[in-house]
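Structure, as structure tokens:
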Number of protein chains: 2
Amino acid sequence: MRDLAEHVGVEAASLYNHIQSKSEILQAICFKVANDFLSHLEAVQASPEPTLKKLELIIRFHIRMMMDQYEFVYISDHEWRHLPEPYLSNFLNQRRNYRRSLSDLIARGIERGEMKSIEPYVAVLTLLSAISGIESWHRSRKTIPPDVLENNMVKYLIEGLKK
Amino acid sequence: MRDLAEHVGVEAASLYNHIQSKSEILQAICFKVANDFLSHLEAVQASPEPTLKKLELIIRFHIRMMMDQYEFVYISDHEWRHLPEPYLSNFLNQRRNYRRSLSDLIARGIERGEMKSIEPYVAVLTLLSAISGIESWHRSRKTIPPDVLENNMVKYLIEGLKK
DNA sequence: CCTACCGATCGGTAGG
DNA sequence: CCTACCGATCGGTAGG
């Protein structure tokens, strides 16, 4: 809170005229990010694309969010553990549902013969955490341009699933 | 330190008869884990296997370490940021060299036509962070058995590279 | 290995 | 929005 206050140019105590608590900021960030991903997922699900293409769109969205909204996504990915109840349970529920939707999408892709036979939950875990590794790129000297990173990661993650 | 002391069954102050500082514990863990990975990598590099098989062995080792030594690997993966200098630079150097070795391995796999053409650095980033996502599985109710997780993740990560 | 503390830091409040 | 604090917690030390 002291650091934040300094960035804003006020005393730490003054922040409490604008917010209720530190965890209120955490809540705002976590649920904003969760909502962005959910909205995008629903838009993609409603589209007429084949399942593999849908998954590619979702992967690309995750990668771009990781690049453009890095700070927010990072907090939502790592600091959600410190959410107070009942927000913690709420957040975990949303995350579980989101991942289940991705699992279902992959299961459908397998049924339709678009994707290799693979345990959908493992595929979801693998690709989501692969994307969150962009963190390591973001913090580095970025010798690789963003679009090269995006396209190569998409290639790897899609080719690993494509039949 | 208070929690740790309680687990051991002594007062927090008493811990300092056995260690110099909190960060000494962090150092011990980070460099132990880094060393385990480096030793295994060198053993695999010395073997006569094709590059794709070498990479599979390395991936399997990472996955098993994540399952069997979860707490240590977790700390080494996330808490290294809090290492004091000069340990921090040392650790980052070791990590950079390790990743470079993996990149070189993949570059060779591509040259030899065993792997798809892909940016090696991106492939390394992708597969290493995919594996670190096992954290999420480890903390969950583990509806998926360890060997199913391992084999499916290996399948995904190897098939995505195989030509 | 313990008791008794220390100085720093943290999220947050009272009162203006 | 500030000054002046608070109680809790943290890594760590002194002295026995």
Side-chain angles (χ1 to χ4, degrees), chain A residues 1-37 65 69-95 132 135-136 138-139, chain B residues 1-37 65 69-95 132 135-136 138-139:
Chain A
M1 299 306 286
R2 263 89 174 169
D3 286 354
L4 205 165
E6 198 180 345
H7 268 81
V8 181
V10 300
E11 289 300 316
S14 306
L15 292 172
Y16 290 86
N17 287 294
H18 304 276
I19 60 163
Q20 288 271 351
S21 67
K22 186 186 160 187
S23 80
E24 192 185 85
I25 305 177
L26 181 59
Q27 290 160 38
I29 294 173
C30 288
F31 287 98
K32 171 76 171 77
V33 171
N35 233 291
D36 285 353
F37 282 123
M65 284 285 282
Q69 314 251 32
Y70 173 67
E71 281 81 7
F72 291 147
V73 177
Y74 178 87
I75 286 169
S76 176
D77 271 7
H78 293 86
E79 305 297 322
W80 59 263
R81 286 170 224 278
H82 303 109
L83 282 168
E85 291 289 4
Y87 302 98
L88 179 60
S89 298
N90 193 334
F91 184 84
L92 284 172
N93 268 329
Q94 280 189 235
R95 196 176 70 156
S132 81
E135 181 196 321
S136 192
H138 203 283
R139 288 179 187 273
Chain B
M1 298 307 285
R2 263 88 174 172
D3 285 355
L4 205 165
E6 199 180 345
H7 267 81
V8 181
V10 299
E11 289 301 315
S14 306
L15 292 172
Y16 290 86
N17 287 295
H18 305 277
I19 59 162
Q20 288 272 351
S21 66
K22 187 186 160 186
S23 81
E24 192 186 84
I25 304 175
L26 181 60
Q27 289 160 39
I29 294 172
C30 288
F31 287 98
K32 171 74 171 76
V33 172
N35 233 291
D36 285 353
F37 282 123
M65 284 285 281
Q69 314 251 32
Y70 174 66
E71 281 81 6
F72 291 147
V73 177
Y74 178 87
I75 286 169
S76 176
D77 271 8
H78 293 85
E79 305 296 323
W80 58 264
R81 287 169 222 277
H82 302 110
L83 282 169
E85 290 290 2
Y87 303 98
L88 179 60
S89 299
N90 193 334
F91 184 85
L92 284 172
N93 268 329
Q94 278 190 236
R95 195 175 73 157
S132 80
E135 182 196 320
S136 191
H138 203 284
R139 286 178 189 275

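The figures that follow rest on heavy atoms only: side chains count, while hydrogens, waters and symmetry mates do not. Every chain is numbered from 1, with letters handed out A, B, ... down the list of sequences.
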Of A/A12 and A/N17, whose nearest nucleotide on DNA chain C comes first from the 5' end?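 By nearest-heavy-atom nucleotide position, the 5'-most residue is A/A12.
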Which pairs with one or both residues in [range] pass salt bridge (Lys or Arg N to Asp or Glu O under 4.0 Å), sequence neighbours excluded?
range: residues 13-36 of chain B; answer: B/K32-B/D36
range: residues 8-17 of chain A; answer: none
range: residues 69-94 of chain A; answer: A/R81-B/E135

Within residues 75-90 of chain A, which residues have any heavy atom lying less than 4.0 Å from an atom of DNA chain D? none
Should the pair A/Y87 and A/F31 be assigned to parallel (<30°), tilted (30 to 60°) or perpendicular (>60°) ring geometry?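 A/Y87 and A/F31: perpendicular rings.
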On the 0 to 90° scale, with breaks at 30° and 60°, tag the A/Y70-A/Y74 ring pair as parallel, tilted or perpendicular.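 Ring orientation, 0 to 90° scale: tilted.
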Heavy-atom check, side chain of B/S76 versus side chain of B/M65, under 4.5 Å: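 Side chain of B/S76 against side chain of B/M65, heavy atoms only: no contact under 4.5 Å found.
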Encoded 5' to 3' (Watson-Crick or G-U under 3.5 Å; [ ] crossing; | other strand), DNA chain C becomes ||||||||||||||||
Apply side-chain contact (heavy atoms from CB on, under 4.5 Å) to A/V73 and A/H138, showing your working. CA-CA 12 Å; A/V73 177; A/H138 203 283; over 6 Å; no
What nitrogen or oxygen pairs link the protein and nucleotides 8-11 of chain C at under 3.5 Å?
| from | atom 1 | to | atom 2 | distance (Å) |
| --- | --- | --- | --- | --- |
| C/dG11 | OP1 | A/K22 | NZ | 2.7 |
| C/dG11 | OP2 | A/M1 | N | 3.2 |
| C/dG11 | N7 | A/R2 | NH1 | 2.3 |
| C/dG11 | O6 | A/R2 | NH2 | 3.1 |

Of all the choices, C/dC1, C/dT13, D/dC1, which nucleotide is nearest to the side chain of B/S14 once you look at every atom?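 Closest nucleotide among those given: C/dC1.
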In terms of side-chain heavy atoms of B/A13, which of C/dA14, C/dT3, C/dC2 is nearest? C/dT3
Whole-Å distance between [N] [atom2] and [X] [atom1]?
X: B/L15; N: C/dT3; atom1: CG; atom2: P; result: 14 Å
X: A/E11; N: C/dA14; atom1: CD; atom2: P; result: 19 Å
X: B/E24; N: D/dG12; atom1: CD; atom2: P; result: 10 Å
X: B/E6; N: C/dC1; atom1: CD; atom2: P; result: 16 Å

Which value, rounded to the nearest 0.5 Å, describes the distance between A/L15 atom CG and A/L4 atom CG?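 That separation rounds to 6.0 Å.
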Calculate, to the nearest 0.5 Å, the distance between atoms CD1 and CD belonging to B/I25 and B/Q20 respectively.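 The distance works out to 11.5 Å.
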Verdict with reasoning, B/H18 to B/V8, per side-chain contact (heavy atoms from CB on, under 4.5 Å): CA-CA 12 Å; B/H18 305 277; B/V8 181; over 6 Å; no
Counting only heavy atoms not in A/N93 (residues, nucleotides, ligands), do more than 12 fall under 6.0 Å from its CG? yes
